[in-house]
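Here the structure is a predicted model, which is why all the values come from computation and not from measurement. Proteins come first, then strands; the chains are lettered A, B, ... in the order of their sequence lines, and each starts at number 1.
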Amino acid sequence: MAEHPPGSQDFIRAIVSRDLDAQKHGGVVHTRFPPEPNGYLHIGHAKSICLNFGIAREFAGGLCNLRFDDTNPTKENMEYVESIQEDVRWLGFDWEERCFFASDYFEQFSDYAVLLIKKGKAYVDSLSADDIRCYRGTLTEPGRESPYRTRSVEENLHLFAKMRAGECEEGAHALRARIDMASPNINMRDPTLYRIRRVPHHRTGTTWNIYPTYDFAHPLSDALEGITHSLCTLEFEDHRPLYEWVLNECDVACHSQQIEFARLNLTYTVLSKRKLAGLIEEGHVSGWNDPRLPTLMGLRRRGYTPEAIRRFCEHIGVAKRENVVDVALLEHCVREDLNARAQRVMAVLRPLRVVLTNYPEGCVEELTAVNNPEDPTMGTRTVPFSRVLYIERDDFREDPPKKYFRLAPGREVRLRYAYIIECVDVIKDERTGEVVEVHCRYDPDTKSGSGRSARKVKGTIHWVSAAHALEAEIRLFGHLFSVPDPDHEKAGQDYRSLINPNSLESVRGCQVERALQGAGVGQRFQFERQGYFCVDCDSTSQALVLNRIVALRDSWSKIEHGQTQDRR
RNA sequence: UGGGGGAUCGUCUAGGGGCAAGACAACAGAUUUUGGAUCUGUGAACCCAGGUUCGAUUCCUGGUCCCCCAGCCA
């Protein structure tokens, strides 16, 4: 069921509801997600997937097909087909037995082309591509009719057969719709229906020498599959009259309705295939699954959950106006999801050695820690505690600023799940002045959960027992671009010049809690006070590697930044 | 200066002749053994000008600005 309250569904669902109520299309809704297998899916595609599959799921009897729009063999291949299938499945959608390919319909498309020729609605043009462009006119001037426009039906049939039989060179001819060269809509100025491409197709091999264009194949594919609502992005809006023309002239039984919506844009990233490919080719990122990329494989590797992405897609809605969604909303959605599900664990990214001078040497206590305070059914675990610990370097300041609640000389903090400690000494490197170790005294009466001490301290910090910790590499990601709208380059500016040079920081020598022992690739954790992390595919049993999915909200950093600004 | 779309808080999205709603973000407070989470609160918008109307963000007219289209790409 739609989770949208009545009266607040998006305009597409409103149309579907209305059509269903009116018993249009026999009272059913049937959508499709129609990617071209020429690249990998990104979060913008997720919006379309969630829309199409979501509508099918929400309305009784609804169905959604996966359909590969594989009409251009020069750009497409099976690797993309497989990765797209994997991504759609991962996102949580099921096309059941309805995975189709436009190439499945090539024979029927060809029959329809012949039908159009016979009706005098299509002709073989022998102008070159350049000439066709010249004849097309401009935005303000009408086009001119091709000299080949008046060929006889017989000649058109004959030439089309030759094209199909592979007897013509690429570019020698093209099949065009005979519509109106003076149309103010350029798409209606005798658009190309078929072109010659003498290259093997990833599914049909060398059986075809001609391939239909999107404008011809798409409406017919929809008709053949019984699609009721054909959802696409705004740039196809002025193709709609052509979509209608093809359906009408081919006299198909099913006449679906094309509805356009605005594609997704996200701050601090790019979503165009061209720009994403550029980032990879030029080595700005490591590949299509680089965790900084908004590709589904990148987000998956980073640790994003399908639930979070689906929730995000619900949040952003569907409308016709151009939009740029704040990436903070995406981040909010993962946090919301992972807060409820991720096991808590302590991990120190930048270790500072702490010695508890009054803690017995060689003693190890096993302390009880809660796995997820949001979900008691996740139980507890035990964490080893001993005389030498690591804490976060950030959690100690020799000269603490105002409102800093963590450790500093003479100050007290609680160690999470353990004791209150007081800093009694600071050991520095004599040459660099760097703090290398902190000496503290622990108060045995303040053991967590003992209830013996009513003492309150302002801060609680995480820690790890030096002797028991595991070492790990942890990758921190920032935005890929340093400006919120890298797509709107100022004049003379290239999006590449807006790349954030510090979008990846790899931190080695991190010390993580024993509980991470044996964690498998893809497993997610909350590192207390820090964020959500996911075991990367580079991780091995010998060398743990984790990605930071997203940091926890950090109100201290805001306070601190505010303080530094005030000091100006 | 052709055609097609669009314009509501900083962002995204609702609403539709009669109090402009929600989410994210921001800010403030409560709470807290995660400066997390949670809770409460605050600030924040109808592109402009006319017209119709008791009343217009909504309807009408005229502007302005933004996006898309001249692939044998999708």
Side-chain angles (χ1 to χ4, degrees), chain A residues 4-5 7-10 34-36 38 69 71-72 74-75 125 127-129 132-134 136-143 170-171 173-176 183-189 191-197 210-211 213-215 217-218 232-241 260 262 264 267 273 312 314-333 335-336 339-340 344 346 370 373-374 403-406 413-418 420 446 448-449 456-462 484 526-531 551-560:
Chain A
H4 311 267
S8 85
Q9 45 184 6
D10 61 69
E36 183 189 11
N38 73 340
D69 216 335
T71 56
N72 186 355
T74 60
K75 296 181 169 181
D125 196 352
L127 246 28
S128 69
I132 286 183
R133 191 182 316 124
C134 294
R136 188 155 27 229
T138 68
L139 294 179
T140 50
E141 304 154 28
E170 281 192 18
H173 312 285
L175 185 74
R176 292 229 262 164
S183 173
N185 180 348
I186 290 182
N187 296 298
M188 299 299 271
R189 320 239 261 229
T192 298
L193 267 23
Y194 262 99
R195 71 283 216 198
I196 301 167
R197 284 279 179 281
I210 55 172
Y211 293 92
T213 57
Y214 167 88
D215 283 320
H218 206 88
C232 63
T233 44
L234 253 28
E235 66 268 29
F236 293 103
E237 214 147 17
D238 44 19
H239 290 239
R240 189 169 358 114
E260 310 84 9
L264 169 70
T267 55
K273 236 174 238 181
F312 171 73
E314 284 171 24
H315 264 296
I316 59 177
V318 180
K320 292 196 77 157
R321 71 179 79 98
E322 298 281 337
N323 61 82
V324 185
V325 175
D326 191 338
V327 72
L329 181 59
L330 216 211
E331 295 172 345
H332 162 80
C333 290
R335 286 195 195 101
E336 184 180 54
N339 176 49
R344 271 58 169 176
M346 293 192 282
V370 172
E374 303 292 319
K403 291 189 184 168
Y404 183 84
F405 302 152
R406 284 113 98 151
V413 285
R414 171 171 290 282
L415 295 176
R416 178 81 160 150
Y417 297 122
I420 292 176
T446 57
S448 186
K456 294 274 181 196
V457 282
K458 268 291 179 73
T460 299
I461 63 174
H462 60 277
Q526 185 198 95
F527 290 178
E528 294 216 22
R529 304 207 303 134
Q530 308 207 82
L552 251 29
R553 293 189 63 210
D554 182 3
S555 41
W556 163 245
S557 77
K558 286 176 193 170
I559 294 170
E560 192 176 29

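- Map A/Gly171 and A/Glu528 each onto its nearest nucleotide of RNA chain B; the residue landing nearer the 5' end is A/Glu528.
- A/Arg195 and A/Glu170 are not joined by a salt bridge, as no carboxylate oxygen comes within less than 4.0 angstrom of a charged side-chain nitrogen.
- Under a 3.5 Å cut-off, the side chain of A/Arg414 and the backbone N or O of A/Thr446 do form a donor-acceptor pair.
- Under the Watson-Crick or G-U wobble criterion, with both distances below 3.5 Å, B/U1 is left unpaired in every strand shown.
- The nearest whole Å value for the distance from the CZ atom in A/Arg344 to the P atom in B/U32 is 19 Å.
- Residue A/Arg321 places none of its side-chain N or O atoms closer than 4.0 Å to OP1 or OP2 of B/C67.
- Between the CZ atom of A/Arg197 and the P atom of B/C73 there is a distance of 4 Å, rounded to whole Å.
- The aromatic ring of A/Phe405 sits over the base of B/G35, with ring centres less than 5.5 Å apart and planes tilted by under 30°.
- A sub-4.0 Å separation between OP1 or OP2 of B/C73 and a side-chain N or O of A/Arg195 is present.
- Residue A/His462 has no polar side-chain atom (N or O) positioned under 4.0 Å from OP1 or OP2 of B/U34.
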Item to complete: Apply ring-ring contact (aromatic ring centres under 6.0 Å, His included) to A/Phe405 and A/Trp556, showing your working.
Response: CA-CA 9 Å; A/Phe405 302 152; A/Trp556 163 245; 7.3 Å; no
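- The same atom, P, is picked in B/C9 and in B/C48; the two are 10 Å apart, to the nearest Å.
- In this model, the phosphate group of B/G35 is approached by a side-chain N or O of A/Arg529 to a distance below 4.0 Å at OP1 or OP2.
- Of all nucleotides listed (B/A26, B/C69, B/U33), B/C69 comes nearest to the side chain of A/Asn187.
- Pairing for B/G29 goes to B/C39, judged as Watson-Crick or G-U wobble with the two contacts each under 3.5 Å.
- Following rounding to the nearest Å, A/Asp326 (CG) and B/C12 (C1') show an atom-to-atom distance of 9 Å.
- In summary, the side chains of A/Asp125 and A/His173 do not present any donor paired with an acceptor at a separation below 3.5 Å, with no hydrogens or angles considered.
- A sub-4.0 Å separation between OP1 or OP2 of B/G36 and a side-chain N or O of A/Ser555 is present.
- Projected onto RNA chain B by closest heavy-atom contact, A/Ala319 and A/Asp238 fall at different nucleotides, the more 5' of which corresponds to A/Asp238.
- For the pair A/Leu264 CG and B/C24 P, the computed distance is 18 Å after rounding to whole Å.
- Note on A/Lys558: a side-chain N or O is less than 4.0 Å away from OP1 or OP2 of B/C27.
- Pair check for B/C12 finds B/G22; Watson-Crick or G-U wobble, both atom distances under 3.5 Å.
- OP1 or OP2 of B/A26 sits under 4.0 Å from a side-chain N or O of A/Arg553.
- Considering only side-chain N and O atoms, A/Thr71 lies under 4.0 angstrom from the phosphate OP1 or OP2 of B/A74.
- Across every strand in view, B/A56 sits unpaired, with no contact that passes the Watson-Crick or G-U test at under 3.5 angstrom.
- Listed nucleotides: B/G3, B/C12, B/A70. Nearest to the side chain of A/Asn185: B/G3.
- Contact between the side-chain N/O atoms of A/Arg136 and the OP1/OP2 oxygens of B/G71 is found at a separation under 4.0 Å.
- A/Thr192 places no side-chain N or O within 3.5 Å of a backbone atom of A/Tyr194 that could act as its donor or acceptor partner.
- With both pairing distances under 3.5 Å, B/U64 is matched to B/A7 as a Watson-Crick or G-U wobble pair.
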